[in-house]
A.B. asks: 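For reference, the structure I am asking about is given below.
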Amino acid sequence: MKDNLEDFIRAHRDKFDDLEPKKGLWDAINENLDENQETKKPFQYIWIWKAAAVVFVCISLGLLIERNWTPKSSETVVVEDNPKEDIQEIENYYAGLIQERKAEILQVMSQSEVMDGELIADLDDLDRMYQELKIELSQNQNNEKVISAMIQNLQLRVEILNKQLKVLEQLLKYERDEKISV
């Protein structure tokens, strides 16, 4: 079959060559080929690699700075927060609560004949311990253990006073109920 087609084309070649290209067509095509080759530059991957290297260096520096500039201990943070002012605020808050509870306890004690010397002794001990902690804090500024102990001392005093106040109120209520029933 191939031979038949080839034979046919050879036999009728004159009929296929009836059209001639325009003059200068090949020159125009050749010029366009040269222009296209000059304007098209191969895609340069070097810029992508340079950009990737810059991003990598920036991320590495960021991580390095972040890990080295993080505060090593929490004491540094405490120093920045100015712990003296914070302790003063906490002390004022709890001192107000303690005075309020003491006044309530004294009022309840005055209504009854109960006098709790042990409570007063315990509170005096806690006061002395708190004063010792204050002295220790002035010698070791920003010591978190001392600050924590001071706060716990204040909280413990408030808790003791609250519990004692409840006991005294129940005792007072019991005494009133006894008087009514007699």
Side-chain angles (χ1 to χ4, degrees), residues 1-101 126-127 129-163 165-166:
M1 175 143 176
K2 191 174 182 182
D3 293 336
N4 289 339
L5 180 61
E6 192 174 329
D7 291 340
F8 178 77
I9 290 173
R10 284 179 192 222
H12 297 90
R13 181 164 185 112
D14 294 337
K15 291 180 183 173
F16 289 120
D17 289 337
D18 65 336
L19 298 175
E20 289 290 325
K22 295 178 189 174
K23 289 183 180 177
L25 177 65
W26 288 111
D27 292 335
I29 291 172
N30 201 14
E31 284 178 19
N32 284 337
L33 287 175
D34 289 340
E35 286 177 11
N36 288 338
Q37 287 179 352
E38 290 176 7
T39 57
K40 283 188 174 181
K41 292 181 179 178
F43 189 73
Q44 296 181 353
Y45 292 102
I46 190 80
W47 288 105
I48 292 174
W49 286 109
K50 286 180 180 178
V54 168
V55 169
F56 176 75
V57 168
C58 289
I59 290 173
S60 297
L61 284 175
L63 289 173
L64 184 68
I65 289 170
E66 178 196 356
R67 295 198 178 168
N68 288 332
W69 282 9
T70 307
K72 301 274 182 198
S73 68
S74 59
E75 287 185 20
T76 306
V77 174
V78 171
V79 170
E80 292 174 358
D81 290 338
N82 196 357
K84 283 187 174 182
E85 291 179 14
D86 292 341
I87 290 175
Q88 190 63 39
E89 277 184 40
I90 292 169
E91 188 175 1
N92 290 340
Y93 171 75
Y94 282 111
L97 277 178
I98 290 169
Q99 291 301 322
E100 188 178 305
R101 295 298 183 267
L126 286 171
D127 279 341
M129 290 170 61
Y130 188 77
Q131 294 305 321
E132 290 173 8
L133 289 171
K134 279 180 91 171
I135 292 169
E136 192 171 329
L137 182 65
S138 66
Q139 294 170 350
N140 299 320
Q141 291 184 348
N142 301 330
N143 188 337
E144 286 187 29
K145 289 182 181 178
V146 174
I147 293 170
S148 177
M150 289 174 68
I151 293 171
Q152 286 178 349
N153 181 297
L154 292 169
Q155 290 173 337
L156 182 63
R157 284 197 278 178
V158 170
E159 186 177 322
I160 289 172
L161 289 170
N162 283 337
K163 286 182 179 177
L165 184 62
K166 275 187 179 179

A.B. asks: Can you name the side chain to side chain donor-acceptor pair (under 3.5 Å) partners of Lys50, sequence neighbours left out?
C.D. replies: none
A.B. asks: Ignoring hydrogens, what is the shortest heavy-atom contact between Met150 and Ile87? Give both atom names and the distance.
C.D. replies: CE-CG2, 4.1 Å
A.B. asks: Report the residues that fulfil salt bridge (charged side-chain N to carboxylate O under 4.0 Å, His left out) with Lys163, sequence neighbours left out, ordered by chain and then residue number.
C.D. replies: Glu159
A.B. asks: Let me confirm one number: the CD1-CG distance from Ile98 to Asn162, rounded to the nearest 0.5 Å.
C.D. replies: 10.0 Å
A.B. asks: To check you understand the geometry: which heavy-atom pair defines the closest contact between Leu165 and Arg101, and what is its length?
C.D. replies: CD2-CD, 4.3 Å
A.B. asks: Suppose we screen for side chain to side chain donor-acceptor pair (under 3.5 Å). Which residues come up paired with Asp14, at least two apart in sequence or across chains?
C.D. replies: none
A.B. asks: Could you state the interatomic distance from CG (Leu133) to CD1 (Ile147), rounded to the nearest 0.5 Å?
C.D. replies: 11.0 Å
A.B. asks: To the nearest 0.5 Å, how far apart are CD in Glu144 and CD1 in Ile151?
C.D. replies: 10.0 Å
A.B. asks: Rounded to the nearest 0.5 Å, what separation is found between the CG atom of Leu161 and the CG atom of Leu97?
C.D. replies: 9.5 Å
A.B. asks: Please round to the nearest 0.5 Å and tell me the distance separating atom CD1 of Ile29 and atom CG of Asn32.
C.D. replies: 8.0 Å
A.B. asks: Using atom types as modelled and distance alone, determine if a side-chain donor or acceptor of Asn30 lies under 3.5 Å from a backbone N or O of Trp26.
C.D. replies: no
A.B. asks: Roughly how far apart are Phe8 CZ and Phe16 CZ, rounded to 0.5 Å?
C.D. replies: 5.5 Å
